[in-house]
2 protein chains.
Amino acid sequence: MPKNCRRSDCPISFSLDIFGDKWSLLILRDMIFIGKRTYGEFANSDEKMATNILADRLSVLENAGVIKKKKDKEKKSRFIYSVTDKGIELLPVLLEIIKWGATYDKDTVAPKAFVDRIKNDKEKLMKEIIEGIKNNKPLFAPIP
Amino acid sequence: MPKNCRRSDCPISFSLDIFGDKWSLLILRDMIFIGKRTYGEFANSDEKMATNILADRLSVLENAGVIKKKKDKEKKSRFIYSVTDKGIELLPVLLEIIKWGATYDKDTVAPKAFVDRIKNDKEKLMKEIIEGIKNNKPLFAPIP
DNA sequence: TATATTTGCTTGCAATTTGCAAGTGCAAAT
DNA sequence: ATTTGCACTTGCAAATTGCAAGCAAATATA
């Protein structure tokens with residue numbers, strides 16, 4: 001299949017052509033929930049993705065308009081990646097995936113209180129998460 | 001990475017280990033929305049997936065308990081695949097993916113009325129879809 | 001009864017993608 | 001001037017994918 005050929009006009013197929021793989025949504029997770037912003041931070045995720053794959057996925061997501069990239073003002077040798085509005089609109093997808101995964105994975109690290117809020121208080125939770133992104137105070141910021 | 005090794009205890013990673021690829025959710029889509037039930041029907045989806053991949057994905061989904069398989073009573077040479085409750089619980093994920101995909105794909109085939117119902121009438125829509133599965137009357141049954 | 005067809009896979013093989021390790025190039029810090 | 005940090009890039013082996021064909025068992029047709 002040629003690279004720029006869509007498989008069908010199904011909205012699921014369209015979406016999966018962008019993030020249907022084992023890594024893309026983890027990059028988005030790291031951005032949205034943990035506040036990661038640089039290449040090096042993504043490369044050091046728990047799942048340790050190969051850097052060539054990371055570079056590839058960042059460019060796919062950027063081309064799709066889900067994330068954007070700009071030079072760091074403080075440290076010019078560095079790029080800052082961030083989610084666009086189009087990317088933030090994937091938050092409901094992520095939350096539903098978390099809900100399902102946490103329900104069926106007995107070893108999940110997802111806090112019960114968080115999963116309960118996805119089930120019972122989703123709208124407010126989403127607002128808080130989006131606020132968190134904009135203020136650079138993500139919900140699950142790593143303990144420094 | 002060994003086949004039975006999880007990457008982390010993140011619920012998203014857990015989920016993607018099961019359906020994080022370009023095909024698995026399309027199989028689920030065909031089951032849930034179109035009412036496909038046999039190997040041959042899946043093999044003839046719009047996206048024309050290779051049959052070796054299809055066989056592989058069906059077995060992954062079955063092992064994960066998302067779908068189940070049994071002999072057709074009417075035609076014993078045939079197997080009937082169907083979603084389990086665990087699979088039906090992926091419906092919210094599918095609906096959110098459809099919502100996002102339909103929003104950003106100008107060529108989408110998703111009917112506007114359907115997407116509007118995902119946005120404004122999701123609970124009732126879900127009940128109807130689940131009813132449809134159980135009564136063998138899927139929402140987007142193909143015109144025969 | 002013999003033959004053909006349907007159904008659900010499996011196999012062989014080439015092409016693509018992945019994963020790992022190492023290397024590169026640039027900017028800033030020392 | 002040299003080292004360090006960062007964002008990739010490259011080489012290569014291994015795994016996965018896609019395509020076409022093959023196969024075996026259960027019907028359907030002659």
Side-chain angles (χ1 to χ4, degrees), chain A residues 1-8 13 16-27 30-31 35-64 67-82 144, chain B residues 1-8 13 16-27 30-31 35-64 67-82 144:
Chain A
M1 191 162 45
K3 260 213 160 184
N4 274 342
C5 170
R6 16 197 328 199
R7 298 179 292 173
S8 74
S13 165
L16 294 179
D17 283 343
I18 296 169
F19 58 77
D21 71 283
K22 299 224 181 305
W23 298 109
S24 301
L25 290 181
L26 297 185
I27 295 175
D30 286 349
M31 283 187 168
K36 293 188 180 175
R37 300 176 309 154
T38 66
Y39 188 92
E41 288 174 321
F42 300 125
N44 284 312
S45 69
D46 285 348
E47 295 86 4
K48 291 268 172 277
M49 72 186 295
T51 59
N52 53 346
I53 311 290
L54 172 59
D56 179 75
R57 291 313 182 282
L58 286 172
S59 90
V60 168
L61 292 174
E62 195 189 354
N63 286 330
I67 65 176
K68 59 182 190 289
K69 175 188 186 177
K70 51 182 173 181
K71 282 217 179 83
D72 191 345
K73 280 162 192 167
E74 293 151 24
K75 206 169 191 177
K76 278 179 199 160
S77 67
R78 205 159 55 171
F79 290 101
I80 299 288
Y81 292 91
S82 56
Chain B
M1 191 162 48
K3 259 213 161 183
N4 275 343
C5 171
R6 11 195 336 197
R7 299 179 292 173
S8 73
S13 165
L16 294 179
D17 283 342
I18 295 169
F19 58 77
D21 72 284
K22 299 223 180 307
W23 298 108
S24 301
L25 291 181
L26 297 185
I27 294 175
D30 286 349
M31 282 187 170
K36 292 187 181 177
R37 300 177 308 154
T38 65
Y39 187 93
E41 287 174 323
F42 300 126
N44 283 314
S45 69
D46 285 351
E47 294 86 5
K48 290 269 172 277
M49 71 185 296
T51 59
N52 53 345
I53 311 292
L54 173 59
D56 179 75
R57 291 312 181 280
L58 286 172
S59 89
V60 169
L61 293 174
E62 196 190 352
N63 287 329
I67 65 176
K68 60 183 189 288
K69 175 187 185 179
K70 49 182 174 179
K71 281 215 179 86
D72 191 344
K73 280 162 193 166
E74 293 152 25
K75 207 169 187 176
K76 279 180 198 161
S77 68
R78 207 160 53 172
F79 290 101
I80 300 290
Y81 292 91
S82 56

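Each chain gets a letter, A, B and so on, in the order its sequence line appears, and its residues count up from 1. It should be emphasised that the depicted structure is a prediction, and the values quoted were computed from it without experimental measurement. What's counted below: heavy atoms across the whole structure, side chains too, no hydrogens, waters or symmetry copies.
The separation between B/Asp21 atom CG and C/dT17 atom P is 15 Å, rounded to whole Å. We find that CG of B/Leu54 is positioned 13 Å from P of D/dT17, with the value rounded to whole Å. What separates CD1 of A/Ile53 from C1' of D/dT9 is a distance of 13 Å, to the nearest Å. Atom OH in B/Tyr39 sits roughly 17 Å away from atom C1' in D/dA26 (whole-Å rounding). Separating the CG atom of A/Asp56 from the C1' atom of C/dT16 is a distance of 12 Å, rounded to the nearest angstrom. Atoms CD1 (B/Ile67) and C1' (C/dG8) sit 14 Å apart, rounded to a whole Å. Atom P of nucleotide C/dT7 and atom CG of B/Leu58 are separated by 16 Å, given to the nearest angstrom. Atom-to-atom, CD1 of A/Ile80 to C1' of D/dC8 comes out at 16 Å; the value is rounded to the nearest Å.
Between the side chain of A/Thr51 and the base of D/dT9 there is at least one donor-acceptor pair of N/O atoms closer than 3.5 Å.
When distances are taken from the side chain of A/Ala55 to each of C/dT18, D/dT9, C/dC20, the shortest belongs to D/dT9. Here the side chain of B/Asn52 is nearest to one of C/dT18, D/dC19, D/dC8, namely D/dC19. Distance from the side chain of A/Trp23 is smallest to C/dG19 among D/dG18, C/dT18, C/dG19.
Distance check, rounded to the nearest 0.5 Å: CZ of A/Arg37 to CZ of A/Arg78 gives 7.0 Å. A distance of 4.0 Å separates CE of A/Met31 from CD1 of A/Ile67, quoted to the nearest 0.5 Å. Note that the CE atom of A/Met49 and the CG atom of A/Asn44 stand 12.0 Å from one another [nearest 0.5 Å].
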All N/O pairs under 3.5 Å across the protein-nucleotides 22-24 of chain D interface:
none

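A donor-acceptor pair under 3.5 Å links the side-chain atoms of A/Asp21 to the main chain of A/Ser24, judged by distance alone. Distance alone, capped at 3.5 Å, places no donor-acceptor pair between the B/Lys68 side chain and the B/Ser82 backbone. Side-chain N or O atoms of A/Lys36 include none that pairs as donor or acceptor with a backbone N or O of A/Asp30 at under 3.5 Å. No donor-acceptor distance shorter than 3.5 angstrom exists from the side chain of A/Arg57 to the backbone of A/Asn52, with no hydrogens or angles considered.
Taken over five-pair windows at either terminus, the axes of the helix from C/dT1-D/dA30 to C/dT30-D/dA1 are inclined to one another by 10° (rounded to 10 degrees).
Contact annotation for B/Phe42: no contact, since no heavy-atom pair falls under 4.0 Å across all strands.
Between A/Tyr81 and A/Thr38, the closest side-chain pair of non-hydrogen atoms is not below 4.5 Å.
Look at A/Arg57 and you won't find any side-chain N or O under 4.0 angstrom from OP1 or OP2 of C/dG19. Residue B/Tyr81 has no polar side-chain atom (N or O) positioned under 4.0 Å from OP1 or OP2 of C/dT7.
Residues B/Ile27 and B/Phe42 share a closest heavy-atom pair of O-CE2, 4.0 Å. The shortest non-hydrogen separation linking A/Ser13 to B/Leu26 is N-CD2, 3.9 Å.
Of the residues in residues 68-79 of chain B, those lying under 4.0 Å from DNA chain C by heavy-atom distance are B/Lys69, B/Lys75, B/Ser77, B/Arg78, B/Phe79.
For NZ of B/Lys76, the number of neighbouring non-hydrogen atoms (other residues, nucleotides, ligands) closer than 6.0 Å is 12 at most.
Remark: B/Arg7 does not engage A/Asp46 in a salt bridge, criterion side-chain N to carboxylate O under 4.0 Å.
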